[in-house]
Amino acid sequence: MKEYKEYKALLRQRLTDKRYHHTLCVADRALELAKKYGADPEKAYVAGLLHDICKDLPREKMLQTLDGFGILLSDLEKQCPKTWHAIAGEAYIRRELGITDREILDAVRFHTTGRSNMTLLDKVLYLADFTSADRNFPGVEEIRGAVELDLEQGLLEAFVFTVKELAEEKSPIHTDTIEGYNQAAARFMR
Ligand code: DGI
Ligand code: FE
Ligand code: FE
């Protein structure tokens, strides 16, 4: 397992102390889940390290970054500012860091919303971000427990948590989030 010293040095510059700590926790958790569920451990670790690389950009800088990469946000995306760092993050690691692995790029791109037809690596990163050691929100233990038992069950619990929270605060819910939730829920219908 490589140490990825250059990525860590870059992240150390771009992120606050708290976000940098989160990033290391997510990378460790993604590695753990990859080993448990049979995803590629190196890809999971790299995706974990890089997933929030654009998270601490101030709003103006984030919009400039997206614009600089030629990315136009849809009206729905404009209404979901918390999804921007995932869109910018994918473009940044592809264009600035030269990452070409489609699975890593997709896992980073969809780590905030999820989506339908998630790859194994998408699920590993999404759930690593939800259940990393630094997460302590009420309900995290239930989601950790579900992830421990079954990846798909964990995924459904994570979507339920997200959809409930967003609806509770009357935030727009991205169609990727809804489609991810619907597919996860459909798996458990009988
Ligand atoms: O970047 P992190 O904080 O580590 O975690 P994240 O990338 O999963 O972002 C979580 C935030 O994103 C959380 O506040 C909920 C928000 N989010 C996720 N899906 C949607 C969303 N916000 C809106 N408005 N719509 C969504 O569909
Ligand atoms: Fe994020
Ligand atoms: Fe994160």
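Just so you know, these numbers come straight off a predicted model, no measurement behind them. Atoms within a ligand are numbered from 1 in the order they appear, just like the ligands themselves.
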Subject >> Between Y126 and F159, ring centroids under 6.0 Å >> reply: yes

**OP:** For the atoms OD1 of D129 and NE2 of H22, give the angle they form at the Fe ion (ligand 3), rounded to 10 degrees.
**Re:** 80°

Contact (N/O only, under 3.5 Å) between [X] and ligand 1:
X    : answer
H51  : no
T113 : no
D52  : yes
T83  : no

Return yes when atom [atom1] of [X] has more than 12 non-hydrogen atoms of other residues, nucleotides or ligands closer than 6.0 Å, and no otherwise.
X    : atom1 : answer
E169 : CD    : yes
K36  : NZ    : yes
Y181 : OH    : no
R59  : CZ    : no

**OP:** Report the name of the N/O/S atom of H51 located nearest to the Fe ion (ligand 3).
**Re:** NE2

Residue and atom name of the nearest protein heavy atom (relative to [atom]), distance in Å to one decimal:
atom                    : value
atom 8 (O) of ligand 1  : D129 OD2, 3.4 Å
atom 13 (C) of ligand 1 : K82 CD, 4.1 Å
atom 1 (O) of ligand 1  : K55 NZ, 2.9 Å
atom 20 (C) of ligand 1 : L166 CD1, 3.4 Å

Check each of [options] against [atom] and report the one with the nearest heavy atom.
atom                    : options               : answer
atom 4 (O) of ligand 1  : R135, E165, H85       : R135
atom 7 (O) of ligand 1  : T162, V163, T112      : T112
atom 23 (C) of ligand 1 : A158, G89, S171, P172 : P172

**OP:** Among the N/O/S atoms of D52, select the one at the shortest distance from the Fe ion (ligand 2) and name it.
**Re:** OD1

Original post:
Checking side-chain hydrogen bond (donor to acceptor under 3.5 Å, both in side chains) against H111, which of D52, T83, D106 comes through?
Top reply: D52

Subject >> From CE (M118) to CD (Q183), nearest 0.5 Å >> reply: 9.5 Å

Subject >> Point-to-point distance, once rounded to the nearest 0.5 Å, from CD1 of I104 to CD of E42 >> reply: 9.0 Å

Subject >> K170 and ligand 1 - part of the residue with a heavy-atom distance under 4.0 Å >> reply: neither

**OP:** Please calculate the NE2(H85)-the Fe ion (ligand 2)-NE2(H111) angle and round it to 10 degrees.
**Re:** 90°

Original post:
Looking at Y92, is R14 sitting on its ring face, NZ or CZ under 6.0 Å from the six-membered ring centre and within 45 degrees of the normal?
Top reply: yes

Original post:
In terms of atom number and element, which parts of ligand 1 are under 4.0 angstrom from non-hydrogen atoms of H174?
Top reply: 25 (N), 26 (C), 27 (O)

**OP:** Please report the C-alpha distance between D129 and H51 in whole Å, then the side-chain angles of each, then the deciding distance to 0.1 Å, and finally whether the side chain to side chain donor-acceptor pair (under 3.5 Å) criterion is met.
**Re:** CA-CA 9 Å; D129 195 20; H51 80 286; 3.3 Å; yes

